[in-house]
Amino acid sequence: MSNEAAEKNSVLMEKIVSLCKRRGFIFQSAEIYGGLNGCWDYGPLGAELKRNLKEYWWRKNVQEREDILGLDGSILNHQDVLKASGHVGGFSDPMCDCLLSNARLRADQIDPQTGTVYWFTGASHAESEWSVEKEYGVLTTGNEDENKARKTAKQFYAKFLSDKQISPKKLELAGERSEEVAETTQFNPENGSLLTEAREFNLMFKTHMGASADDDDESSVAYLRPETAQSIFVQFKNVVDSNRIKLPFGIAQIGKSFRNEINPRNFTFRSREFEQMEIEYFCRPEDGLALTDEWLERRLTFYEEIGIPREHLHVLDIPDGERAHYSQKTYDIEYEFPFGIQELEGVAYRGNYDLTKHKEHSKKSIEYVDQEAGEKLLPHVVEPSAGCDRTILAMICEAYEEETITGDKGKEETRIVMRFDPKMAPIKVAVLPLLKNKPELVEKAREIQALLTPFMNVSYDETAAIGRRYRRQDEVGTPFCVTIDFDTIGESGDELKDTVTLRERDSMKQERMAISDLREFLLDRVR
RNA sequence: GCGGGUGUAGCUCAGUGGUAGAGCGCGACCUUGCCAAGGUCGAUGUCGUGAGUUCGAAUCUCAUCACCCGCUCCA
């Protein structure tokens, strides 16, 4: 992305964030207390939008399928579940920082080095009577000599100088000694500088069960789940036993998950609390790869159905070596966000890794029993795991449009319109009496509101000029507006009596429609 | 975590030490008429938070929180 394009997209993203707040889609969590890093609240319209997405996903993936069942697992997870899954221990990365360049490295990815370390205890500058005492070391390898180490050390100590005019070369090093080391990972391979001690970043939220549990009582430890998937694996046997279901079949779940992200970024994209929509689709080992491809296609179709076109999605076939070791195939479905192409969903073929781990750790028999074939097996699984909040954000970014329109008087103006798919739109129809100081119009409008409310989310607005009200609805993506005028109440004769103006969001076209036809017409388009 | 930037009304922003501002939006009323700019009236601020300097701080200093950008990270 060029700088110019990045700047443009950054401005676009700011406008989207601003609209989300202004119209009540998304607010910063605890804003009046200064905000809570990485957490967001959905306002009235955001809550509607999210419900629409989740309900549609559930309908398509659970209710309309005989082979997929739903689950709603607890958010608090038993520590043994996450030990078995590898999240405890494995879900943290030891990191260290370079003392010289501040670069951050993963401690487990540093190649061990052998060479001579030159240690120093501090440095001073005689002319300005400045000095610092701090242990520091530089590793030299191969044919590098001690002068290189001294130069590096001076650069390090110069970081503590208050007078930046003093050249690092003018510093006097103190307490030099050398040491031979082998296979060390304490030094930055790039520049030989000493690193900080490796620090653990545990990415899970840990808590203690029981109101009187002690903080250092290890047995009371529980975790907020880092993914919804584990309860599906853990309850696999119960689901099988309580339902007459045969392979292949899936278990689906929508719910909150929590990760202590080091660096939350990009509005709601990387949040510490987020919602997932996951399916674990269990199958025979020989069907896994083909089903992975099938699920990828099905998921791409889903995004199209909710208004995210295929051409704004990218499929990343994760190459060997970058996938989790147990995965034979993984696709990432990515969307072109203004801040870059980023992952919405992963479709991963996980083999039977998870069930195997839970069988081992629980020491319970959780195999699937195939009565007909007379065999027991741990099925393989394909996991389409979608980010709900990320999908919402993609829908918002995709819907946002600034349209330049030329008005009657030839002047150009900008119309901000959210082109949500009508199925997803938070408000389906706005009911607008042309004037609010005419009781007959208001009364008729209230009747139409009452007529439609049981079937869809309706908004009633009688303030301001009619054009302004249309634009307000455009900004929140309401696909239809119904306007009640004097013809509706029979002022122009019986032919137009009980008809209204129906205005469509995207085209801004208007048509006259009988009130009695409204419900069916709208339901056909907003479900 | 590092570096840079930002934080003032609902939104966008002006305000470089001396009375807190503008535009838009919002609310009420008027308006027989359909794509935001007709009229009248009105409400709104711990100037992100906390400390310090000062007779006096939105403004200067320090700390802190949040957001944005670039690194880094993302099982």
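Quick note on labels: first sequence line is chain A, next is B, and so on, each numbered from 1.
A sub-4.0 Å separation between OP1 or OP2 of U31(B) and a side-chain N or O of N437(A) is present. OP1 and OP2 of C34(B) both lie 4.0 Å or more from every side-chain N or O belonging to K509(A). Put simply, K438(A) has a side-chain N or O that comes within less than 4.0 Å of OP1 or OP2 on U32(B).
Among the heavy atoms of the strands lying under 4.0 Å from R503(A) is at least one base atom, whether or not backbone atoms are also near. In this structure, R415(A) reaches neither bases nor backbone, as no heavy-atom distance under 4.0 Å exists between it and the strands shown. Among the heavy atoms of the strands, none lies under 4.0 Å from E261(A). Among the heavy atoms of the strands lying under 4.0 Å from T483(A) is at least one base atom, whether or not backbone atoms are also near. G38(A) comes within 4.0 angstrom of sugar-phosphate atoms only, judged by non-hydrogen atoms across all strands, and of no base.
The separation between R471(A) atom CZ and A37(B) atom P is 9 Å, rounded to whole Å. Separating the CD atom of Q342(A) from the P atom of C73(B) is a distance of 14 Å, rounded to the nearest angstrom. Here C34(B) presents its C1' atom at 19 Å from CZ of R505(A), a figure rounded to the nearest Å. Atom CG of L393(A) is separated from atom P of C68(B) by 11 Å (rounded to the nearest Å). Distance CD (Q28(A)) to P (G10(B)): 15 Å, rounded to an integer number of Å. The separation between E462(A) atom CD and A28(B) atom C1' is 12 Å, rounded to whole Å. Between the C1' atom of G50(B) and the OH atom of Y33(A) lies a distance of 16 Å, rounded to the nearest Å. As rounded to whole Å, 9 Å separates atom P of C26(B) from atom CG of D461(A).
Residues R23(A) and R390(A) both approach RNA chain B. Their nearest nucleotides, taken by heavy-atom distance, put R23(A) toward the 5′ side. Of the two residues near RNA chain B, R22(A) and V17(A), the one whose nearest nucleotide lies more 5' is R22(A).
For the C1' atoms, the distance from C26(B) to U12(B) is 15 Å, rounded to whole Å. For the P atom pair drawn from G7(B) and U59(B), the interatomic distance equals 12 Å after rounding to whole Å. Rounded to a whole angstrom, the distance from the P atom of A14(B) to that of G70(B) is 22 Å.
If you check distances only, the side chain of E14(A) never reaches the base of C68(B) with a donor-acceptor pair under 3.5 Å. Put simply, the side chain of S18(A) and the base of C11(B) share no donor and acceptor less than 3.5 Å apart.
Judged by ring centres under 5.5 Å apart and planes tilted less than 30 degrees, Y470(A) fails to stack against the six-membered base ring of C34(B).
The partner of G45(B) is absent, by the rule that a Watson-Crick or G-U pair needs both atom distances under 3.5 Å. In this entry A37(B) has no Watson-Crick or G-U wobble partner, no candidate having both defining distances under 3.5 Å.
Among the nucleotides C34(B), U32(B), C2(B), the one closest to the side chain of R265(A) is C2(B).
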